[in-house]
Amino acid sequence: MGGDPRLTLAGPVLDVAPRLLGGLLTAGGVTVRLTEVEAYAGEQDPGSHAFRGRTPRTQVMFGPAGFAYVYFSYGMHWCLNVVAGEDGAASAVLLRAGAVVDGLEHALARRPGVRERDLCRGPARLTRTLGITGEQDGADLLDPASALRLELPAAAPPDVRTGPRVGVSGDGAAFPWRFWVDDPSVSAYRAAAPRRRPAG
DNA sequence: GTGGGGATTTACT
DNA sequence: GTAAATCCCCACA
């Protein structure tokens, strides 16, 4: 699967998401190998920011694949998505976790005292470790001159696991659109609608 | 102009 | 396990 990476990312988001696992994301002098992602499937996905249609914040999602959608959450966190699907599909893949493979010194400098496996264990930790903020919203991930670069793996890892998305409530939680590989950097946070001990 | 909620992380009990 | 931190975005009026 050589091919034009832009074309690969322009495929159906549920195909694109697992293809990002093993990919290399570089920013702020740090490179991570992606270990966990989540798919957000456009305007018909109740869990997606694009669910309510095009807005100033989500306009990047409605554009062509391969660009960065960076949003701000909970008053302090940035999260990074890769826009996927055809132009106008408004689908994207949230990058939830990764393992640092280069620039460890820069990563540790940004996150003093944090264990190596926790550096990018979670979507907001990942952006913080790589120094990603809203300034990178709309960046072309496939442009070598970009502050944010993504390199797709030659092939998807053979052992991709799937499960419900994290932090998504309501109907959007029904689909197993979270993809990960077995790695210590994969986030381990509770689901959006945590259950108490199962009745019975 | 106002109000409610959020694709989270961290610290504390 | 529970709660605090913290502010942008969006829907309404």
Side-chain angles (χ1 to χ4, degrees), chain A residues 13-14 16-18 20-21 25 32 34-63 65 67-85 89-98 100 107-108 110-138 141 148 150 161-180 184-199:
Chain A
V13 67
L14 293 181
V16 172
L20 295 181
L21 295 173
L25 177 71
V32 301
L34 299 174
T35 57
E36 182 189 9
V37 302
E38 276 177 4
Y40 287 85
E43 292 183 89
Q44 293 158 47
D45 178 359
S48 172
H49 290 168
F51 182 61
R52 297 184 187 282
R54 191 178 197 132
T55 70
R57 178 175 65 151
T58 61
Q59 63 173 345
V60 175
M61 291 180 79
F62 285 79
F67 290 78
Y69 166 49
V70 183
Y71 70 89
F72 190 63
S73 187
Y74 292 99
M76 66 196 92
H77 299 307
W78 297 101
C79 295
L80 169 64
N81 296 252
V82 178
V83 176
S91 56
V93 181
L94 171 68
L95 306 185
R96 289 193 57 88
V100 175
L108 291 172
R110 289 195 185 92
R111 316 229 39 208
V114 176
R115 284 179 303 174
E116 182 172 343
R117 55 172 264 172
D118 291 334
L119 285 171
C120 299
R121 193 168 183 245
R125 290 169 165 179
L126 186 150
T127 57
R128 189 170 159 194
T129 293
L130 272 65
I132 295 166
T133 71
E135 291 183 19
Q136 279 83 50
D137 186 40
L141 291 160
L148 238 56
L150 176 67
R161 323 267 178 107
T162 66
R165 292 179 292 186
V166 176
V168 175
S169 56
D171 296 337
F175 308 100
W177 289 350
R178 175 177 173 233
F179 303 85
W180 71 94
S185 67
V186 172
S187 62
Y189 295 113
R190 60 188 183 279
R195 295 193 158 214
R196 287 195 280 195
R197 199 175 295 276

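Rounded to whole Å, the distance from CG on A:Leu119 to C1' on B:dT9 is 14 Å. We find that CZ of A:Arg128 is positioned 12 Å from P of C:dT6, with the value rounded to whole Å. A:Tyr69 has its OH atom 11 Å from the C1' atom of C:dC8, to the nearest Å. Between the C1' atom of B:dA11 and the CZ atom of A:Arg125 lies a distance of 12 Å, rounded to the nearest Å. Following rounding to the nearest Å, A:Asn81 (CG) and B:dT8 (P) show an atom-to-atom distance of 11 Å. Computed from coordinates, the A:Met76 CE to C:dA3 P distance equals 16 Å when rounded to whole Å. We find that CZ of A:Arg57 is positioned 16 Å from P of C:dC7, with the value rounded to whole Å. The CZ atom of A:Phe179 sits 19 Å away from the P atom of B:dA7 (whole-angstrom rounding).
The neighbour count for A:Arg52 CZ, taken as heavy atoms of other residues, nucleotides or ligands under 6.0 Å away, does not exceed 12.
The aromatic rings of A:Phe72 and A:Trp78 sit tilted relative to each other, their planes meeting at an angle between 30° and 60°.
Look at B:dA7: it lacks any Watson-Crick or wobble partner with both distances under 3.5 angstrom.
Checking the phosphate oxygens (OP1, OP2) of C:dC9, no side-chain nitrogen or oxygen of A:Arg54 falls inside 4.0 Å. For A:Arg96 and B:dT8, the shortest distance from a side-chain N or O to OP1 or OP2 is below 4.0 Å. Taking 4.0 angstrom as the limit, A:His49 places a side-chain polar atom (N or O) nearer than this to OP1 or OP2 of B:dA7.
Relative to the side chain of A:Phe72, the nucleotides C:dC10, C:dC8, B:dT8 differ in distance, and C:dC8 lies closest. Residue A:Thr55 places its side chain closer to C:dC10 than to any other of C:dC10, B:dT8, B:dA7. Residue A:Val168 has its side chain nearest to B:dA7 when only B:dA7, B:dT9, C:dC10 are considered. Nearest to the side chain of A:Arg52, among B:dT9, C:dC10, B:dA7, sits C:dC10.
For the pair A:Arg110 (side chain) and A:Thr129 (backbone), a donor-acceptor distance under 3.5 Å is present. Under a 3.5 Å cut-off, the side chain of A:Arg128 and the backbone N or O of A:Ala124 do not form any donor-acceptor pair.
Taking a cutoff of 4.0 Å between a charged side-chain nitrogen and a carboxylate oxygen, A:Arg165 and A:Glu38 do not qualify as a salt bridge.
Nucleic acid contact class of A:Tyr74 (heavy atoms, under 4.0 Å, all strands): base.
Put simply, A:Tyr71 does not rest on the base of B:dA7: the two rings are not both less than 5.5 Å apart at their centres and under 30° in tilt.
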